[in-house]
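On a predicted model such as this, the values are computed, not experimentally measured, just so you know.
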Amino acid sequence: LWPWLLASSGLSALLQLVTLPFFPDSPSYLLIQKGNEEACRKAIRKLWGEGDHQAEIDDIMKEKGAMASTKTLRVLEVIKERSLRWQLYILMTVMTTLQLCGINAIYFYSFEVFHTAKFEGYLIPYVSLGVGLCECLSSILCSTLIDRFGRKVLLWGGYLLMCSVLALLTMTLSLQHQFFWMHYFSVILIFLFVVFYGIGP
C-alpha cells in the first residue's frame with residue numbers, strides 16, 4: 001500500500017502540470033515586472049470578470065512606485081544593516097528552533113513507540129499515516145487561528161506545549177516497562193506533539 005500512497009502525490013503534480021498553463025498570470029506580475037498594462041487588464045478580467053477594475057490597477061501602480069523607491073540589498077548588506085538586525089535575529093531564531101524542535105525525532109522514533117505499544121505490525125503504517133494527517137489538519141486549523149490570536153501567541157504557545165509534551169514523553173518512555181498503560185500514553189503524546197507543532201511553529 002505504501003508505494004501507492006507515495007505515488008499518489010504525483011497525481012496532484014500531474015494535475016497542476018496539466019491545468020497551470022490555462023491559469024492567467026498574476027496581474028501585479030504583469031504590470032510591475034513586465035510593464036504590460038493591457039495584459040494586466042486582461043488577467044484581471046479573467047480572474048474577476050468584466051467591470052471597472054481601475055482601483056485594483058491603481059493599487060498595483062502604487063505598489064510599483066513603492067518598490068521602485070526601495071533599495072534592493074545583497075545578503076552581506078542585509079547582515080551589516082543595523083536597522084534590520086533585530087528582524088534578522090528573530091528570523092534566525094525562529095528558523096533554528098523550527099529545525100531543533102524535535103519533530104524529526106518524533107517522526108523517526110514513532111514507529112518504535114507504536115511497536116512497543118503492542119500495535120499489530122500491519123496497523124503501524126496506518127497509525128503513522130494518522131500522525132501525518134494530524135499535522136495536516138492542525139496546519140489548516142492554524143490558518144484560521146492566526147488571524148484571531150496572532151503569530152506571536154501561536155509560536156509561544158506552540159513551543160511551550162511542545163516542551164511540555166516532550167517532557168511527559170520522556171517520562172512515559174522511561175516508565176513504559178513498569179506500567180503497561182504508559183505505551184498508550186506515549187502514543188497519545190506523539191499525536192498531541194504533532195498537533196501542537198502544526199498549530200504553533
Side-chain angles (χ1 to χ4, degrees), residues 3-101 103-104 107 129 131-159 194-201:
W4 290 104
L5 286 172
L6 289 171
S8 66
S9 60
L11 290 174
S12 60
L14 183 63
L15 184 66
Q16 288 183 36
L17 189 65
V18 171
T19 57
L20 279 177
F22 300 101
F23 284 97
D25 285 321
S26 164
S28 58
Y29 165 76
L30 290 169
L31 191 56
I32 295 171
Q33 302 292 332
K34 296 290 186 181
N36 191 338
E37 188 172 337
E38 186 53 41
C40 172
R41 289 180 184 277
K42 188 177 176 182
I44 287 175
R45 284 196 298 272
K46 194 168 182 180
L47 287 168
W48 298 324
E50 295 295 331
D52 183 20
H53 301 293
Q54 189 58 44
E56 287 82 1
I57 292 172
D58 290 342
D59 286 341
I60 297 171
M61 291 301 290
K62 285 179 189 173
E63 185 183 341
K64 185 178 181 180
M67 287 176 68
S69 61
T70 305
K71 182 187 174 186
T72 305
L73 299 175
R74 296 191 186 97
V75 176
L76 282 176
E77 290 175 330
V78 170
I79 293 170
K80 291 176 182 177
E81 183 64 44
R82 295 181 73 87
S83 62
L84 299 174
R85 197 148 296 163
W86 271 110
Q87 292 92 319
L88 191 63
Y89 289 154
I90 291 167
L91 183 66
M92 288 171 64
T93 304
V94 170
M95 290 297 105
T96 304
T97 52
L98 189 62
Q99 293 301 316
L100 302 176
C101 70
I103 189 68
N104 293 326
Y107 275 120
L129 189 63
V131 172
L133 187 63
C134 269
E135 184 179 352
C136 181
L137 292 174
S138 59
S139 298
I140 294 168
L141 177 63
C142 175
S143 64
T144 61
L145 293 176
I146 196 165
D147 291 330
R148 182 176 295 180
F149 298 107
R151 186 73 179 144
K152 190 175 180 180
V153 172
L154 290 182
L155 275 173
W156 276 104
Y159 280 124
V194 170
V195 168
F196 296 146
Y197 173 79
I199 292 174

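Residues L145 and L154 come closest through the heavy atom pair C-CD1, 4.2 Å. Taking every heavy atom of both residues into account, Y107 and V194 meet most closely at OH-CG1, 4.0 Å. Across every non-hydrogen atom of I199 and L141, the tightest pair is CD1-CD2, 3.8 Å. Closest of all the heavy-atom pairs between S83 and Q87 is O-OE1, 3.2 Å. Contact detail for A43 and L30: the closest heavy-atom pair is CB-CD1, 3.7 Å. Considering every non-hydrogen atom in both Y197 and E135, the closest pair reads CE2-OE2, 3.3 Å.
Pairs engaging residues 9-26 under the side chain to side chain donor-acceptor pair (under 3.5 Å) rule: S26-S28 [sequence neighbours left out].
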Donor-acceptor pairs under 3.5 Å, side chain of residues 58-66 to any protein atom, not counting sequence neighbours: which ones?
residue	atom	partner	partner atom	Å
D58	OD1	Q54	NE2	2.9

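In this structure, CD in E81 is found 8.5 Å from CD in E77, a value given to the nearest 0.5 Å. Here F149 contributes atom CZ and L155 contributes atom CG; the two are 14.0 Å apart, rounded to the nearest 0.5 Å. Separating the NZ atom in K152 from the CD1 atom in I90 is a distance of 8.5 Å, to the nearest 0.5 Å. Note that the CG atom of L137 and the SG atom of C142 stand 13.0 Å from one another [nearest 0.5 Å]. To the nearest 0.5 angstrom, T93 atom OG1 is 8.5 Å from W86 atom CH2.
One finds a salt bridge joining R41 and E37 here, because a Lys/Arg side-chain nitrogen approaches an Asp/Glu carboxylate oxygen to under 4.0 Å.
Remark: the backbone N or O of K80 is paired with a side-chain donor or acceptor of R85 at under 3.5 angstrom. The main-chain N or O of G200 is found under 3.5 Å from a side-chain atom of R151 such that the two form a donor-acceptor pair.
Side-chain contact between Y159 and L98 is present, with heavy atoms from C-beta onward closer than 4.5 Å.
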